[in-house]
**Q** 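Below you'll find the structure I mean.
Order of the sequence lines fixes the chain letters, A, B, ..., with proteins taken first and strands second; residue numbering starts at 1 for each chain.
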Amino acid sequence: MTDRRTLAAEGLTLAYDQREVSRDLSIAIPPGRVTAIVGANACGKSTLLRALARLLKPRAGTVVLDGEDINDLPTKVVATRLGILPQAPSAPSGIAVTDLIARGRYPHQRLVRQWTDADEVAVAAAMTATDTLELATRQVDTLSGGQRQRVWIAMALAQDTDILLLDEPTTFLDLAHQIDVLDLLSELNSDHGRTIVLVLHDLNHAARYAHHLIAMREGRICAQGPPGEIVTEALVEEILGMASRVVPDPVSNTPMVVPIGRTSANANGRAAHPTAREDTHVRTRPTPGGAA
Amino acid sequence: MTTTTADSTGQRGLAATTEARAIVAASRNHGRSRAIAITTALAVATFAVVCISVSIGDFPIALRDVVPSIFGFGASDTTFIVQEIRLPRIVCGLLVGFAFGMSGTVFQSLVRNELASPDVIGITAGASTAAVVAIVLFGSSSISLSFAALLGGLGTAGAIYLFAYKRGVSGYRLILVGIGIAAGLSSVTSYLITRAEITDVQRATIWLTGSLNGRTWDQVATLAVVIAVLLPTLLLLARGLRALQLGDDAAKGIGVRVEGVRAAIIIAAVGLAAFGTAVAGPVAFVAFVSGPIARRLVASGDIALLPSALVGAVLLLSADLVARAGLGSIELPVGVLTGILGAPYLLWLLARTNRMGTGD
């Protein structure tokens with residue numbers, strides 16, 4: 001693609017009802033790269049992603065897609081340029097895999113349903129890329145978590161957009177399937193030049209798979225840039241309130257965060273972060289080599 | 001199928017081989033051919049129940065004479081009985097069942113919960129209360145009764161939506177609010193009946209049970225027009241409804257104008273339920289059971305719009321036939337029968353949902 005779609009945010013203030021989540025966020029998503037948004041639970045990372053996908057209307061500021069305010073564009077036009085896989089989509093019970101993936105073709109179809117060759121090609125290509133062809137007639141209910149996530153990604157791919165946003169696509173998957181999904185997204189980026197933006201819990205996964213990181217804490221952006229430049233012990237302390245060592249990942253040579261934890265850390269620096277909730281993120285992050 | 005080239009390439013450079021396309025086409029056809037077969041079978045069943053209903057009664061008509069007399073080619077006495085007495089009632093039952101069945105599956109699919117049919121969450125209760133107001137306070141004719149029912153249904157749907165709304169509408173909140181509103185409305189209805197003239201009470205009570213007794217071509221015509229408008233509308237909105245089943249965020253992500261599409265779907269489905277109620281009264285459970293039966297028959301996870309409508313028609317016609325002629329000398333309003341059949345299913349569904357502790 002010569003002219004890639006661009007996505008950016010300028011001065012976003014985001015809120016749910018009366019509760020303000022973020023104020024004055026500005027970011028530019030690098031086209032054709034993988035961007036990961038990371039941070040502790042409830043730091044506003046999913047909220048930012050939802051705003052980028054025009055699922056949440058900002059209270060102030062604009063999300064700019066190809067130079068235009070995303071909320072001024074018809075939602076169907078946006079859907080041909082930008083796809084979003086939300087955190088917990090629901091599949092109608094009994095639906096077959098192909099039928100679910102085919103629903104991703106919505107923005108390309110007319111009012112009176114027309115299933116075209118282009119639809120068939122896009123669905124077949126999405127299923128090939130996600131390795132879901134052999135599941136074609138299976139019911140989505142009966143799939144494993146990893147298979148189901150591949151099917152949802154296939155639906156987003158069938159939408160055939162340059163930009164793909166994913167909200168915690170690896171949550172609820174075991175480690176092997178998390179890596180499987182991340183490898184798939186990485187291939188989609190490197191082989192087909194799609195711009196990918198994903199919210200991730202695991203800082204090490206983010207550092208390994210993303211070209212660009214956006215690190216958040218309490219609704220603010222603490223740092224953004226390439227993982228090799230910004231992931232430091234100080235940043236981990238800042239966004240997660242957790243003492244750690246950052247060492248090179250022995251496989252990818254990207255930064256790897258090794259938590260120090262309570263037993264070996266004593267009261268090391270914790271008093272400075274009374275709001276940090278160590279228990280939640282330590283528990284939910286399966287960190288490779290964390291026990292070393 | 002135009003799979004002439006060995007490899008087809010999508011816009012984003014993803015490749016699809018001929019085999020991959022064949023798998024997609026085959027799995028889609030698998031589901032669709034089953035849906036077509038089921039729909040055809042249900043249409044045949046509907047026609048069969050119509051014919052049997054026409055033939056059975058105090059004046060029996062041989063099955064082979066049924067179709068000629070429907071179109072006026074039979075003996076004159078037979079034709080008169082069929083065209084003026086039996087057929088209006090039967091066609092009414094057909095259309096009411098059709099409207100209820102379709103309205104039910106639309107609500108259940110939209111809310112993603114089988115409890116969310118218009119007769120459980122208070123839409124038909126709202127239409128009923130408005131209709132009883134019309135009967136008791138204004139002595140309404142059938143046309144104004146229809147409009148009262150429609151306004152009652154829409155008003156109730158609006159109230160449920162408002163009370164249940166909290167940054168979007170979740171399934172269970174909507175159902176609980178709906179059941180609460182239905183309870184409130186039925187007490188209003190009861191109050192009105194205690195205050196009414198005895199003749200109005202009788203009329204209102206029979207109407208509230210749900211009955212097809214003495215229905216005329218006028219009522220058939222009203223409902224036929226409503227269905228002629230709302231059926232194609234819902235068929236066009238079905239793609240949006242299928243998208244909304246994935247959740248609001250996913251639906252918006254693939255380009256659905258969520259609030260507008262949902263409002264249009266709700267209005268159309270309320271229209272079907274309310275006009276059906278206006279004609280036959282709140283015949284219990286037809287809307288509630290038709291969708292689940294049809295969706296299980298089609299077994300593709302689809303909303304099964306037409307199959308549900310046809311199941312509704314078959315159910316209502318069969319129940320009316322039994323209520324009218326199947327119990328010897330006793331002739332019951334059809335709502336009594338559907339109530340007896342539907343109540344155990346509701347209890348089973350509630351028990352099952354409660355055990356699983358689920359439901360959106």
Side-chain angles (χ1 to χ4, degrees), chain A residues 1 16-17 50 53-55 74-80 83-100 102-104 106-107 109 111-113 115 117-118 120-129 133 136-137 139-140 155-157 159-162 191-194, chain B residues 1-3 5 7-32 109 112 114 166-167 171 235-258 260 295-296 298-303 360:
Chain A
M1 305 299 296
Y16 288 112
D17 301 327
R50 295 186 77 238
R54 53 86 172 81
L55 300 180
T75 192
K76 207 166 170 176
V77 170
V78 174
T80 60
I84 165 86
L85 180 57
Q87 205 169 80
S90 72
S93 71
I95 193 171
V97 166
T98 312
D99 290 338
L100 182 66
R103 292 190 183 186
Y106 184 92
Q109 293 168 330
L111 187 60
V112 176
R113 177 146 67 165
W115 180 256
D117 265 12
E120 190 178 280
V121 170
V123 170
M127 292 177 75
T128 307
L133 277 168
T137 55
Q139 293 191 356
V140 176
M155 189 190 103
L157 285 182
Q159 201 177 328
D160 204 16
T161 56
D162 274 329
D191 301 353
H192 309 292
R194 279 172 208 253
Chain B
M1 277 307 98
T2 53
T3 45
T5 55
D7 277 33
S8 317
T9 308
Q11 287 171 24
R12 251 29 84 171
L14 287 176
T17 61
T18 314
E19 296 82 61
R21 294 186 58 179
I23 291 172
V24 170
S27 58
R28 278 177 53 81
N29 287 337
H30 174 74
R32 271 184 311 173
S109 304
R112 282 177 271 150
E114 293 196 348
K166 191 185 172 193
R167 211 195 298 151
L235 286 173
L236 287 178
L237 288 168
R239 224 158 51 81
L241 177 52
R242 288 191 190 96
L244 286 172
Q245 284 183 298
L246 309 177
D248 287 4
D249 279 0
K252 189 157 186 195
I254 58 175
V256 179
R257 289 187 299 113
V258 169
R295 290 195 299 272
R296 246 145 250 175
V298 172
S300 68
D302 194 26
I303 46 181
D360 266 60

**Q** With chain B, which of A:Arg50, A:Met127, A:Gln139 has the greatest number of heavy-atom pairs at distances under 4.5 Å?
**A**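 Top count of heavy-atom pairs under 4.5 Å with chain B: A:Arg50.
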
**Q** Go through the structure and list residues passing side chain to side chain contact (heavy atoms under 4.5 Å, CB included) with B:Ile23, not counting sequence neighbours.
**A**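 With sequence neighbours excluded, B:Ile23 shows a side chain to side chain contact (heavy atoms under 4.5 Å, CB included) to A:Leu133, A:Ala136, given in chain and number order.
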
**Q** Which atoms of B:Val256 are under 4.5 Å from chain A, going by heavy atoms: the side chain, the backbone, both sets, or neither?
**A**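 B:Val256 touches chain A through backbone and side-chain heavy atoms alike.
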
**Q** Nearest heavy-atom pair of A:Thr137 and B:Ser27: which atoms, and what distance?
**A**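 Taking every non-hydrogen atom into account, CG2-CB, 3.5 Å.
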
**Q** Is it the backbone or the side chain of A:Pro107 that comes under 4.5 Å from a heavy atom of chain B, or both, or neither?
**A**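 Interface part for A:Pro107: both.
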
**Q** Could you check whether any side-chain heavy atom of B:Arg21 comes within less than 4.5 Å of a side-chain heavy atom of A:Asp117, counting everything from C-beta outward?
**A**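 A side-chain contact under 4.5 Å exists here.
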
**Q** In the structure I gave you, are the side-chain heavy atoms of A:Trp115 and B:Arg28 within less than 4.5 Å of one another anywhere?
**A**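 Sidechains of B:Arg28 and A:Trp115: in contact.
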
**Q** Could you tell me whether the side chain of A:Gln109 and the main chain of B:Arg239 form a donor-acceptor pair under 3.5 Å?
**A**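 Looks like no, no N/O pair under 3.5 Å.
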
**Q** Heavy-atom pairs under 4.5 Å with chain B: which of A:Ser93, A:Gly94, A:Ala102 has the most?
**A**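 Most heavy-atom pairs within the cutoff with chain B belong to A:Gly94.
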
**Q** Run the side chain to side chain contact (heavy atoms under 4.5 Å, CB included) test against A:Ala156 and tell me which residues pass, sequence neighbours left out.
**A**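 Only A:Leu164 meet the side chain to side chain contact (heavy atoms under 4.5 Å, CB included) criterion with A:Ala156.
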
**Q** Grab the two heavy atoms, one from B:Ala20 and one from A:Thr128, that are nearest each other, plus how far apart they are.
**A**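 Looks like CB-OG1, 3.6 Å.
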
**Q** If you tally heavy-atom pairs under 4.5 Å against chain B, which of A:Thr98, A:Val140, A:Leu55 wins?
**A**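 The candidate making the most pairs under 4.5 Å is A:Leu55.
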
**Q** Which bit of A:Val123 is near chain B, if near means a heavy-atom gap under 4.5 Å: side chain, backbone, both or neither?
**A**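 Both backbone and side chain of A:Val123 come within 4.5 Å of chain B.
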
**Q** Under 4.5 Å heavy-atom distance to chain B, tell me which part of A:Leu100 shows up: side chain, backbone, both or neither.
**A**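 For A:Leu100, the side chain is the part near chain B, not the backbone.
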
**Q** Side-chain contact, heavy-atom cut-off 4.5 Å: A:Pro92 with B:Arg112?
**A**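 Answer no - side chains too far apart.
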
**Q** Can you check whether B:Ile254 reaches A:Met155 side chain to side chain, under 4.5 Å on heavy atoms?
**A**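 In contact.
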
**Q** Do the side chains of B:Gln245 and A:Arg103 get nearer than 4.5 Å, heavy atoms only?
**A**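 A side-chain contact under 4.5 Å exists here.
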
